[in-house]
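In what follows, a structure is listed as structure tokens, so that the remarks can point back to it.
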Amino acid sequence: TRVLHSKPVVAITLGGGSTESSQEHLEKLIRKTNARLLASHRLWLWRPNDERRLSDNNVEVALEQAASWGNEISRQLESK
């Protein structure tokens, strides 16, 4: 827990489909360490990550979304 103390943290919760409670639990654990939770995002293995891309491989969609989200957060941090 001391490793994350006062550090900026980005969380990704990955699950089969229903990840809301898991995401909340992870965020709670992160906050207990006094880390700074910058952002939190959920991705799924079985549930579609993008309803517009149902014919695409869902894991590939999740990987693309995670990379895009990471790039966006990086740009936001660089502009501060």
Side-chain angles (χ1 to χ4, degrees):
T1 59
R2 296 179 75 168
V3 174
L4 296 179
H5 183 74
S6 299
K7 299 279 195 288
V9 175
V10 174
I12 294 179
T13 306
L14 177 66
S18 180
T19 56
E20 186 172 356
S21 63
S22 296
Q23 180 184 24
E24 290 171 1
H25 183 68
L26 177 59
E27 291 172 358
K28 187 176 180 179
L29 290 173
I30 291 168
R31 287 188 183 101
K32 275 187 175 181
T33 69
N34 291 318
R36 292 184 296 125
L37 183 61
L38 300 178
S40 183
H41 193 66
R42 293 188 304 248
L43 295 170
W44 302 287
L45 295 172
W46 302 314
R47 181 176 161 188
N49 287 295
D50 186 339
E51 295 289 336
R52 297 165 298 175
R53 298 179 62 188
L54 295 177
S55 62
D56 294 346
N57 180 296
N58 196 49
V59 173
E60 292 295 324
V61 172
L63 289 170
E64 290 173 16
Q65 288 179 333
S68 175
W69 187 56
N71 288 332
E72 179 183 326
I73 291 169
S74 176
R75 284 191 299 275
Q76 290 172 2
L77 292 173
E78 288 175 353
S79 68
K80 287 186 177 185

message = Nearest 0.5 Å, please: how far is NZ in Lys28 from CG in Leu26?
response = 12.5 Å
task = Determine whether Val61 and Leu14 fall in the same hydrophobic cluster, where Ile, Leu, Val, Met, Phe, Trp and Tyr are linked whenever their side-chain heavy atoms lie under 4.5 Å apart.
result = no
task = Measure the CD-CG distance between Glu72 and Leu77 for me, rounded to the nearest 0.5 Å.
result = 10.5 Å
inquiry  = Ignoring hydrogens, what is the shortest heavy-atom contact between Glu51 and Leu54? Give both atom names and the distance.
reply    = O-CG, 3.2 Å
request  = Heavy atoms only: give me the nearest Ala35-Leu4 pair and the separation to one decimal.
outcome  = CB-O, 3.3 Å
task = Nearest 0.5 Å please: distance from the NE2 atom of His25 over to the OG1 atom of Thr13.
result = 10.5 Å
key: Atom of Gln23, atom of His41 and distance for their closest heavy-atom approach   = NE2-N, 3.6 Å
task = Report whether Val10 and Val3 are members of the same hydrophobic cluster (ILVMFWY, side-chain heavy atoms less than 4.5 Å apart, transitive linking).
result = no
inquiry  = Checking side-chain hydrogen bond (donor to acceptor under 3.5 Å, both in side chains) between Trp44 and each of Thr19, Asn49, Asn58, which is the one that passes?
reply    = Thr19
ask   = How many angstroms lie between CD in Glu24 and CZ in Arg42, if you round to the nearest 0.5 Å?
value = 8.0 Å
ask   = Are Leu38 and Leu29 connected, step by step, through hydrophobic side chains (Ile, Leu, Val, Met, Phe, Trp, Tyr) whose heavy atoms are closer than 4.5 Å?
value = no
Leu37-Trp69 co-clustered via ILVMFWY side chain contacts under 4.5 Å = no
task = For the pair Val9 and Thr33, evaluate side chain to side chain contact (heavy atoms under 4.5 Å, CB included) and give the outcome as yes or no after the intermediate values.
result = CA-CA 11 Å; Val9 175; Thr33 69; 6.0 Å; no
task = Any chance you could measure Asp56, atom CG, to Glu64, atom CD, to the nearest 0.5 Å?
result = 7.5 Å
